[in-house]
Amino acid sequence: NNNNNNNSHNANNTIRDENNSNDDNIQMSSMYNATARPPHQLTVLAGDEITTRMKNLGQLSWNYPMERGMICDGETQLRVWARVLEVLRVVVPIPM
């Protein structure tokens, strides 16, 4: 078990950032590596937004960024990664 990072895991499937002064726990969950668009809307849902906002997944137009383990749609993959980082409250510095 390699614990060189600043995150600690426990049996409740939560992840806690030890650098964060307030003791906020983030519930870990699985999310689609995809984006989806509801019918007749311009909204694009990514990752966990798909299951939290939509009840009937059969009506969605799906877009998967990977085929056979290779990234084929970089824009879609970036949207999913951005959502994952947003859920984990990770701020990525933009290089100048």
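Computed from a predicted structure; not experimentally measured.
Shown here is E75, whose CD atom has no more than 12 heavy atoms of other residues, nucleotides or ligands within 6.0 Å.
Rounding to the nearest 0.5 Å gives a distance of 6.5 Å between OG1 of T35 and CZ of R79. A distance of 7.0 Å separates CD1 in I50 from CG in L60, rounded to the nearest 0.5 Å. For the atom pair N33 CG and T76 OG1, the distance stands at 9.5 Å (nearest 0.5 Å).
In terms of heavy-atom proximity, A34 sits nearest to P65 at CA-CD, 4.0 Å.
Grouping the Ile, Leu, Val, Met, Phe, Trp and Tyr side chains by contacts below 4.5 angstrom, directly or via other members, places V87 with V90. V84 and Y32 fall into different hydrophobic clusters, where Ile, Leu, Val, Met, Phe, Trp and Tyr are joined by side-chain heavy atoms under 4.5 Å apart, directly or via other members. A continuous path of ILVMFWY side-chain contacts below 4.5 Å connects M31 to L85, so both sit in one hydrophobic cluster.
With sequence neighbours left out, L78 forms a side chain to side chain contact (heavy atoms under 4.5 Å, CB included) with W81. The side chain to side chain contact (heavy atoms under 4.5 Å, CB included) test applied to E67 returns C72, not counting sequence neighbours.
Test R83, R37, M54 against L45 for side chain to side chain contact (heavy atoms under 4.5 Å, CB included) and you get one pass: M54.
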